[in-house]
Amino acid sequence: MKGPRTFRAPGRVNLIGEHTDYNLGFVLPIALHLSTYVETSPSPDGLLRISSEFRNITLSWAPEETATLEPRKQWTDYVAGVARELALLGVPLEALELKIRSDVPEGSGLSSSAALEVSSALAFLQGREFDRLELARLCQRAETGFVGLPSGIMDQYVSLFGQPRAAIRIDCRSLEHITVTLPDDVQIIAINSMVKHELGASAYRIRVQECAIASEAMGVASLRDATLAMILKTPMPGEVRKRARHVVTENLRVESFVEAAAAGDLARMGQLFVESHRSMQQDYAITADEVDFLVDEAITKEGCYGARMTGGGFGGCTVNLVAPAAVDAFEQAMRDAYKQRFNIDPNIFRCIPGPGAAEITK
Ligand code: ADP
Ligand code: MG
């Protein structure tokens with residue numbers, strides 16, 4: 001009998017390129033050390049069984065019935081959705097017990113959902129060969145089709161392809177990526193605002209629709225093909241125009257950020273962060289008072305090159321570029337300021353770009 005095996009998949013922070021993924025543009029995430037872990041062992045009763053630390057709800061089913069699983073509107077959908085997609089491709093699933101634990105904070109924009117999907121996928125595969133890009137797409141299908149949240153491919157992609165000490169710039173149209181080595185003399189800090197406004201899920205859908213309206217007005221397949229000149233000359237509702245402007249300028253900012261990173265130009269990298277935040281705040285209208293405050297406050301602090309909200313929006317985390325020597329004072333000042341303004345203790349994470357998902361071998 002084989003012993004237990006453990007499969008790990010990381011959460012992520014997107015450095016820049018927000019709401020560009022479903023518009024087939026560019027994103028620049030890093031995979032994190034914060035990860036989800038799935039321990040697998042043979043099931044005693046021939047059923048597949050999934051459980052997660054700190055959750056009462058579990059799920060079990062006969063492996064041969066995997067393709068007929070239905071969503072239940074609970075956390076298990078992320079895992080069952082992945083199992084179902086694998087089964088639909090004819091991958092045989094073993095009767096396993098999956099025990100899940102995670103240190104990725106949930107619902108804060110660090111993508112605990114993709115970490116859960118990808119770690120589960122590797123757990124179901126048990127080391128079987130599977131193309132990584134296909135696996136990213138499969139996990140994305142589980143989230144869009146089974147869980148029912150429209151989402152781009154970025155989270156699952158970076159969870160599988162992440163690299164130590166580097167960000168990856170994903171072209172969401174070709175689904176190719178390049179590795180972007182980051183300057184050594186900067187610390188990436190995520191600050192969790194601890195709020196997630198309910199508006200989020202519905203606004204996400206509305207933004208997806210607004211982008212489709214803008215693309216149609218300009219006669220392009222996606223906003224990836226739009227330019228600022230086209231936006232200016234095409235008649236469209238004012239709100240829609242602003243959404244399109246965010247996406248087009250954000251794609252340009254990703255490219256500029258990659259160049260600035262290669263040149264080690266931290267001031268420029270920070271400036272692009274702030275421009276990205278203003279674009280999300282004013283044009284895409286997806287920020288919130290709490291994250292706006294965190295950004296406005298951060299950029300007044302010694303050693304902070306720039307700050308922006310990261311993730312889907314309406315709360316969640318900000319990401320900050322900070323000089324290593326200033327990190328301790330920066331964190332303390334941000335804790336104090338946020339506590340004083342909102343009476344909330346933020347969680348703060350020092351982000352170290354880490355490798356993509358894999359089995360943990362001792
Ligand atoms: P994010 O991906 O930004 O963390 P989402 O709303 O996309 O936020 O995903 C969070 C959801 O994923 C949780 O509500 C839960 O259903 C599921 N989830 C994530 N991590 C775990 C876990 N360790 N155990 C059980 N469910 C989890
Ligand atoms: Mg998610």
Side-chain angles (χ1 to χ4, degrees), residues 6-14 18-19 21-22 27 29-40 49-60 71-83 97-123 136 139-160 162 190-205 207-208 286-288 290-291 309-319 347 349 351 357:
T6 302
F7 301 84
R8 164 196 167 269
R12 62 101 184 95
V13 161
N14 189 27
E18 218 64 72
H19 286 260
D21 59 352
Y22 54 82
V27 293
I30 58 173
L32 294 175
H33 53 298
L34 300 169
S35 299
T36 299
Y37 302 85
V38 181
E39 188 189 273
T40 66
R49 179 171 287 106
I50 59 178
S51 62
S52 180
E53 199 180 23
F54 310 125
R55 277 189 153 82
N56 296 328
I57 294 172
T58 61
L59 186 69
S60 60
R72 295 171 174 235
K73 301 283 162 225
Q74 59 190 32
W75 76 267
T76 56
D77 288 350
Y78 292 88
V79 184
V82 167
E97 245 183 274
L98 273 62
K99 293 202 173 109
I100 298 158
R101 68 192 160 83
S102 182
D103 47 32
V104 187
E106 288 176 27
S108 357
L110 301 185
S111 204
S112 67
S113 60
L116 178 58
E117 290 150 12
V118 171
S119 54
S120 302
L122 294 187
C139 291
Q140 184 201 12
R141 286 203 298 282
E143 184 146 347
T144 55
F146 199 80
V147 180
L149 294 170
S151 81
I153 185 113
M154 163 170 67
D155 302 353
Q156 295 83 3
Y157 194 114
V158 65
S159 188
L160 280 153
I191 304 182
N192 188 350
S193 68
M194 318 301 278
V195 300
K196 187 76 194 167
H197 297 288
E198 277 308 316
L199 228 58
S202 56
Y204 190 101
R205 287 189 174 81
R207 294 295 172 276
V208 174
I286 50 161
T287 65
E290 293 85 351
V291 285
M309 183 187 77
T310 182
F314 301 97
C317 286
T318 62
V319 57
N347 281 345
F349 307 95
C351 303

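Just follow the structure's listing: the first ligand is 1, and inside any ligand the first atom is 1. Since this is a predicted model, take the numbers as computed values, not measurements.
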Rounded to the nearest 0.5 Å, what separation is found between the CE atom of Met154 and the CZ atom of Arg12?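 That separation rounds to 4.5 Å.
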Could a heavy atom of Gly311 be found less than 4.0 Å from some atom of ligand 1? no
Heavy-atom contacts under 4.0 Å between Arg55 and ligand 1: side chain, backbone, both, or neither? side chain
Nearest protein heavy-atom contact for [atom]: which residue, which atom, what distance?
| atom | value |
| --- | --- |
| atom 17 (C) of ligand 1 | Tyr78 CE1, 3.6 Å |
| atom 13 (C) of ligand 1 | Glu106 OE1, 3.4 Å |
| atom 3 (O) of ligand 1 | Gly109 N, 3.2 Å |
| atom 27 (C) of ligand 1 | Leu116 CD2, 3.4 Å |

Under a 3.5 Å threshold, yes or no: a donor from one side chain and an acceptor from the other, between Thr36 and Ser102? yes
When you measure from the Mg ion (ligand 2) to the N, O or S atoms of Ser113, does any of those distances fall below 2.8 Å? yes
The test is side chain to side chain contact (heavy atoms under 4.5 Å, CB included); show your working for Val38 and Leu122 and say whether it passes. CA-CA 9 Å; Val38 181; Leu122 294 187; over 6 Å; no
Give the atoms of ligand 1, by number and element, whose distance to some non-hydrogen atom of [X] is under 4.0 Å.
| X | result |
| --- | --- |
| Ser52 | 22 (C), 23 (N), 24 (N), 25 (C) |
| Pro105 | 4 (O) |
| Ser102 | 23 (N) |

Should Phe349 and His33 be marked as a side chain to side chain contact (heavy atoms under 4.5 Å, CB included) after you check the CA-CA gap, both sets of side-chain angles, and the distance that decides it? CA-CA 10 Å; Phe349 307 95; His33 53 298; 5.5 Å; no
Run the numbers on Leu110 and Cys317 for side chain to side chain contact (heavy atoms under 4.5 Å, CB included), then give the verdict. CA-CA 8 Å; Leu110 301 185; Cys317 286; 4.0 Å; yes
Treating [X] as the side-chain partner and [Y] as the backbone partner, does any N or O pair qualify as donor plus acceptor under 3.5 Å?
| X | Y | result |
| --- | --- | --- |
| Asp103 | Leu34 | no |
| Ser119 | Arg8 | no |
| Glu18 | Gly311 | yes |

Shortest heavy-atom approach to atom 9 (O) of ligand 1 - which of Ser113, Ala115, Gly312: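 Result: the heavy atom closest to atom 9 (O) of ligand 1 is in Ser113.
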When you compare ligand 1 with Ser112, is there at least one nitrogen or oxygen pair between them that comes in under 3.5 angstrom? yes
Does the N or O separation between Leu149 and ligand 1 drop below 3.5 Å for any pair?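 In fact, backbone or side chain, Leu149 has no N or O that close.
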Walk me through it: do Met194 and Glu290 pass the test side chain to side chain contact (heavy atoms under 4.5 Å, CB included)? CA-CA 9 Å; Met194 318 301 278; Glu290 293 85 351; over 6 Å; no
